[in-house]
Amino acid sequence: MVNLTACRYFLEVVHLGSIRLAADRLHVSPSAISRQIAKLEREFGEPLLDRRANGVQLTEAGTLAAEHFASILGQIDLIRGEMSDLRKLKSGSVSIATVDGVTDPYLSEQILAFRKRFPAVDFRMRIRGRERVLEALEKRICQVGFVYDHFSHPMMEIVGQWRQPLLALVPPSHPFADGRAVKLPDIADCDCVLPDDSYGIHHLVNRAFRKFGGKPKAIMVADQLHFLIRHAIRSNAIVYVPLQAALREVEAGELVPLNLACGDFEHRFIYAIVRRDQRRSPACDAFIAMLTSSFSKHEKADAAMLKRLRAVQG
C-alpha cells in the first residue's frame, strides 16, 4: 500500500527539484526522503527520479506518479475540509498561488480578517511568477490562484476580477513626475526596471513599446517586484506595476504615477482563478467568497486615490 508520507516527500522533491532542499523544507534528513522514495519505486517497479549531481529530474513514470499523487492528496485535503465544514469551519486549510503584486498588504490583510472569524483555518501561500501560479493550479498543488493581466486558460475558471491598470511609477524627483501628459515614446529613453519574463507585466510592457518600434530601457530585470520597486526609488527609474504592488510606497509619497496615456495599460485586471475540475475545501470557498466580494470596494478606492494624486500633480 502506498504510504502518504512518501507521496508528500516525493511531491516536495519534485516541486523543489532537489532531495536536499526538500529535506530542509520538511525538517527531515535527506536519507529519510531517499528511503521513502525508494519504497515508492519498489512499490511501482519503476524509477521515478533521475538523480543527477545538480538535482533530480522526473522520469516518465515519475511524471505520471506526480500527477496522480497530487490528485490523491488533494482529495484527502478536500475530505478534511468537508469534515471541517461540518464543524462550521472550526478547522480547514487554504492553499494559494499568487503573483506578488497583490500579496502585501491586500492578501495579508484579507487572510488576517478571515482568520479572525475562523482562527483554526491555516493558509499556505506560494508567491511565484504567472506561469508558476498556473502550474501550481494545474498540478493541484494549490486551490486558488491570483494572476495579473489578460487571462484565458482552458483548465481554469475566473471567479473574480479587480481592475488594476498598469502604472508607470517614478520617484517625485523624476523629470516627468510633474504631471505633464506623456506617451510611451516620450519616456522611451528613461531608465526603467522590469520584472522578468515569468511575469505578464514584462510581456505587456514590451508589446506596448513594440507598437511604435521602441524598447524599454531596462537597467534592471528581476523576479521580485518589491526589490524592483525599491530599486526604482533608489535609481530614480520608472517601475511598471499595478497600484496594489506599490501601495505603501505611493501612500508614503516615495512614488508617484506618471500622467501616461497608454491604452494597452488601461483595462488590466487581477484575476482570482481556480481549476475548473478541482473540488475545493469549504474553507477555500469561504475565503474566495469573502475576498472577491471586496474587489469592487478596493477598485473604487484605487481609482479615488489615483484621482487625488493626479489632481495634486496637476
Side-chain angles (χ1 to χ4, degrees), residues 11-18 21-22 24-26 70 74 77 93-115 121-151 153 156 158-162 164 166-167 169 193-205 220-232 239-250 268-275 278 280-281 283-284 287-288 290-292 294-295 298:
L11 288 176
E12 197 66 34
V13 171
V14 171
H15 173 64
L16 296 173
S18 164
L21 291 178
D24 290 343
R25 173 74 64 83
L26 296 167
D77 286 343
S93 182
V94 180
S95 55
I96 301 169
T98 180
V99 294
D100 60 352
V102 71
T103 54
D104 187 28
Y106 179 71
L107 272 180
S108 179
E109 290 175 349
Q110 294 296 313
I111 290 169
L112 183 62
F114 187 83
R115 292 197 73 252
V121 173
D122 61 78
F123 284 78
R124 171 174 287 194
M125 189 182 308
R126 296 174 186 268
I127 303 171
R128 300 287 188 269
R130 175 192 179 90
E131 295 307 314
R132 294 292 298 279
V133 170
L134 294 177
E135 181 184 7
L137 291 176
E138 288 169 355
K139 294 183 176 180
R140 295 185 172 88
I141 295 170
C142 294
Q143 299 168 298
V144 59
F146 297 90
V147 294
Y148 182 69
D149 197 15
H150 176 71
F151 180 79
H153 191 295
M156 305 298 164
I158 296 171
V159 292
Q161 63 184 50
W162 172 4
Q164 279 280 293
L166 188 66
L167 302 178
L169 298 172
V193 299
L194 279 179
D196 69 15
D197 60 8
S198 68
Y199 285 77
I201 292 171
H202 178 100
H203 302 286
L204 172 57
V205 171
M220 172 65 71
V221 176
D223 63 355
Q224 213 267 350
L225 293 187
H226 179 71
F227 169 78
L228 289 171
I229 289 164
R230 301 311 303 176
H231 192 73
V239 59
Y240 296 96
V241 290
L243 178 60
Q244 285 299 312
L247 187 61
R248 285 202 174 99
E249 287 78 10
V250 171
R268 301 295 160 181
F269 295 83
I270 290 170
Y271 294 99
I273 59 174
V274 296
R275 181 169 169 143
Q278 184 174 7
R280 297 174 298 279
S281 70
C284 183
F287 180 67
I288 291 172
M290 185 196 81
L291 205 69
T292 55
S294 73
F295 278 2
H298 285 277

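Proximity of Met220 to Leu228: side-chain heavy atoms (C-beta onward) are separated by under 4.5 Å at one or more points. Between Phe146 and Leu107, the closest side-chain pair of non-hydrogen atoms falls below 4.5 Å. Contact of the Leu204 side chain with the Leu166 side chain is registered, since non-hydrogen atoms from C-beta on lie closer than 4.5 Å. Residues Tyr199 and Arg130 have side chains not in contact (no heavy-atom distance under 4.5 Å, counting atoms from C-beta outward). At a threshold of 4.5 Å between non-hydrogen side-chain atoms, the residues Val99 and Ile201 do not count as touching. Residues Ile273 and Leu134 are in side-chain contact: their nearest non-hydrogen atoms beyond the backbone lie under 4.5 Å apart. Met125 is not listed as a side-chain neighbour of Val94, based on a closest heavy-atom distance of 4.5 Å or more. Residues Arg280 and Val274 meet the side-chain proximity criterion, which asks for heavy atoms closer than 4.5 Å.
Separation of atoms OG (Ser95) and CD1 (Ile141) is listed at 9.5 Å; rounding is to 0.5 Å. Taken from CG in Leu112 to CD in Glu109, the straight-line distance is 8.0 Å, to the nearest 0.5 Å. Note that CE of Met156 and CZ of Arg275 are 6.5 Å apart. Values are rounded to the nearest 0.5 Å. Rounding to the nearest 0.5 Å places CD of Gln161 at 5.0 Å from OH of Tyr271. Arg132 contributes atom CZ, which lies 14.0 Å from atom OG1 of Thr98 (distance to the nearest 0.5 angstrom). Taken from CZ in Arg124 to CD1 in Ile96, the straight-line distance is 12.0 Å, to the nearest 0.5 Å.
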- Task: Report the C-alpha separation of Phe287 and Phe123 in whole Å, then their side-chain angles, then the decisive distance to 0.1 Å, and conclude whether the ring pair (Phe, Tyr, Trp, His ring centres under 6.0 Å) test is met.
- Result: CA-CA 10 Å; Phe287 180 67; Phe123 284 78; 5.0 Å; yes

- Query: Checking salt bridge (charged side-chain N to carboxylate O under 4.0 Å, His left out) for the pair Arg25/Glu12: CA distance, chi angles, key distance, verdict?
  - Reply: CA-CA 8 Å; Arg25 173 74 64 83; Glu12 197 66 34; 3.2 Å; yes

- Task: Show your reasoning for whether salt bridge (charged side-chain N to carboxylate O under 4.0 Å, His left out) applies to Arg128 and Glu135.
- Result: CA-CA 10 Å; Arg128 300 287 188 269; Glu135 181 184 7; over 6 Å; no

- Message: Set out, in order, the CA-CA distance, both residues' side-chain angles and the distance that settles side-chain contact (heavy atoms from CB on, under 4.5 Å) for Ser18 and Val13, then state yes or no.
- Response: CA-CA 5 Å; Ser18 164; Val13 171; over 6 Å; no

- Message: Go through it in stages, so that I can follow the logic: the residues are Asp104 and Arg248, the test is salt bridge (charged side-chain N to carboxylate O under 4.0 Å, His left out), and I'd like the CA-CA distance, side-chain angles, deciding distance and then a yes or no.
- Response: CA-CA 9 Å; Asp104 187 28; Arg248 285 202 174 99; 2.6 Å; yes

- Item | Intermediate values then yes/no, ring pair (Phe, Tyr, Trp, His ring centres under 6.0 Å), Trp162 and Tyr148 | CA-CA 10 Å; Trp162 172 4; Tyr148 182 69; over 10 Å; no

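Remark: the backbone N or O of Leu225 is paired with a side-chain donor or acceptor of Asp100 at under 3.5 angstrom. Looking only at distances, a side-chain donor or acceptor of Ser294 sits under 3.5 Å from a matching main-chain atom of Leu291. Counting only distance, with no hydrogens or angles, the side chain of His202 and the backbone of Leu194 share no donor-acceptor pair below 3.5 Å.
Arg126 and His15 share a side-chain donor-acceptor pair at under 3.5 Å. For the 3.5 Å distance criterion, the side chains of Gln244 and His298 fail to qualify, holding no donor opposite an acceptor.
Taking the six-membered ring for Trp and thresholds of 30 and 60 degrees, Phe227 and His231 have nearly parallel ring planes, at less than 30 degrees apart.
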